[in-house]
Structures are given as C-alpha cells and as structure tokens.
Amino acid sequence: MSDISIRRATADDSKRLTRLVRTSGAYRGDYAAMVEGYQVGGPYIEHHPVFVAVDEGDGGRVLGFYALLVDEAELDLAFVADAAQGLGIGRLLMEHMTGQARDAGLASVRVVAHPPAEEFYLRTGAVRTGAVPPTGRIHWERPELRYDVA
C-alpha cells in the first residue's frame, strides 16, 4: 500500500467516480435503486471537498473516494472499489476525512450509512446515534452514525 495517495478530486474524475458508485457490489439486489442513474458530477466535485485514493503504482487508478459536506457536517459519499476492499483503503479515507473535518472546524461528522457498511464505520471510529426511516426510493431503515473529530 506504499503507492497509495489521497488527492483532491477534479471534475475530470467524474466518470470514474460515477462508475465506482454504479458498479459497487454493495448496491446489488434491493439496494440497486439507490445508485441507479446516480452521477458524481463535475460541479458537485468542484463545490464539495471530494478526495480520491489512488494507486500511484498503477497509473493513478482510483481505488476509492469520499465527499464531505462541510456546511452540513456530513459524509455524503464514501466508496471503495470492490477489488480494493480489505486493503485498508476505506480506513485511510476515513482518517483523511476526519482530518479534513477537523481542519474545517467541525466538531463531528454525521453519516447516514448504507446498512451493510455500518460495521465498517463502527470499526473506523464512528458511533451509532440512531436510524433514519425509509423515504422515497429507499425502502429500508438506514443507520445514523457520527464521527467525533474535535
């Protein structure tokens, strides 16, 4: 993992990040509706702190990313490529995210998690604070968590 770095995403990353979201194995079956047609657009990337983990030894291949909504103190997106899971990329991204949140003056960061991802967030330092009921196209309850960063 020595060739892994984290950099700020640019609008040029839009297609790669969108593909990573839409092809995520965590969003198959009942969960597929959540990412169907989803796009991580250039304006979104330019407006919000979005960071990507890249493998510098593999031509800068994107291994994962996160998006932090500073005004809302919320982690909006966090994805690791299926082939890169279990390599510590997610943990690296969450450590980076909490550092960015701290630097932005946030005391904590809210996460409304995809149910299968709850255990990951707990392992990386989040605490469960409740649950978000089903709404719209989302027909299942989602765990609500918080990273304390201050």
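Remember, it's a predicted structure, so these values are computed and weren't measured experimentally. Heavy atoms only: backbone and side chains are in, while hydrogens, waters and symmetry mates are out.
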Quick one: pull up [atom1] in [X] and [atom2] in [Y] and give me the separation to the nearest 0.5 Å.
X	Y	atom1	atom2	value
Glu56	Ser5	CD	OG	3.5 Å
Leu77	Leu68	CG	CG	10.5 Å
Arg102	Leu106	CZ	CG	10.5 Å
Glu119	Thr124	CD	OG1	9.5 Å
Ile4	Leu87	CD1	CG	7.5 Å

Side chain to side chain donor-acceptor pair (under 3.5 Å) filter on Glu46, not counting sequence neighbours, yields none
Residues passing the side chain to side chain donor-acceptor pair (under 3.5 Å) test with Arg142, sequence neighbours excluded, are none
query = Going through the distances and angles, do Phe120 and Met94 end up as a side chain to side chain contact (heavy atoms under 4.5 Å, CB included)?
reply = CA-CA 10 Å; Phe120 163 76; Met94 292 305 96; 3.6 Å; yes
Side chain to side chain contact (heavy atoms under 4.5 Å, CB included) between Ile6 and Val52, intermediate numbers included: CA-CA 5 Å; Ile6 296 179; Val52 296; over 6 Å; no
Ignoring hydrogens and angles, tell me if any N or O in the side chain of [X] forms a donor-acceptor pair with the backbone of [Y] under 3.5 Å.
X	Y	value
Arg22	Tyr38	yes
Ser14	Val40	yes
Asp58	Asp55	no
Asp82	Ser24	no

Heavy atoms of Ala67 and Leu75 approach each other most closely as O-CD1, 3.5 Å
Closest heavy-atom pair, Ala78 versus Tyr121, reported as atoms and distance to 0.1 Å, is CB-OH, 3.5 Å
Would you please name every residue forming a ring-ring contact (aromatic ring centres under 6.0 Å, His included) with [X], sequence neighbours left out?
X	value
His48	Tyr44
His96	Phe51, Tyr66
Tyr31	His114, Trp140

Margin query: Between Arg123 and Arg91, does the side chain to side chain contact (heavy atoms under 4.5 Å, CB included) criterion hold? Intermediate values first, please.
Written below: CA-CA 9 Å; Arg123 282 194 321 267; Arg91 179 174 295 280; 4.2 Å; yes
Salt bridge (charged side-chain N to carboxylate O under 4.0 Å, His left out) pairs touching residues 64-81, sequence neighbours excluded, are Glu74-Arg110
(message) Between the side chains of Glu144 and Arg128, is the shortest nitrogen-to-carboxylate-oxygen separation below 4.0 Å, so that they form an ion pair?
(response) no
Taking Arg7 first and then Asp13, would you say they form a salt bridge - that is, a charged N and a carboxylate O separated by under 4.0 Å? yes
Check your understanding: Is there a side chain to side chain contact (heavy atoms under 4.5 Å, CB included) between Leu93 and Phe65 once you walk through the steps?
Key -> CA-CA 7 Å; Leu93 287 167; Phe65 77 100; 5.6 Å; no
Side-chain H-bond candidate by donor/acceptor type, Thr18 with Gln39, under 3.5 Å
no
Quick one, Asp148 and Arg146 - any side-chain contact, counting heavy atoms below 4.5 Å? yes
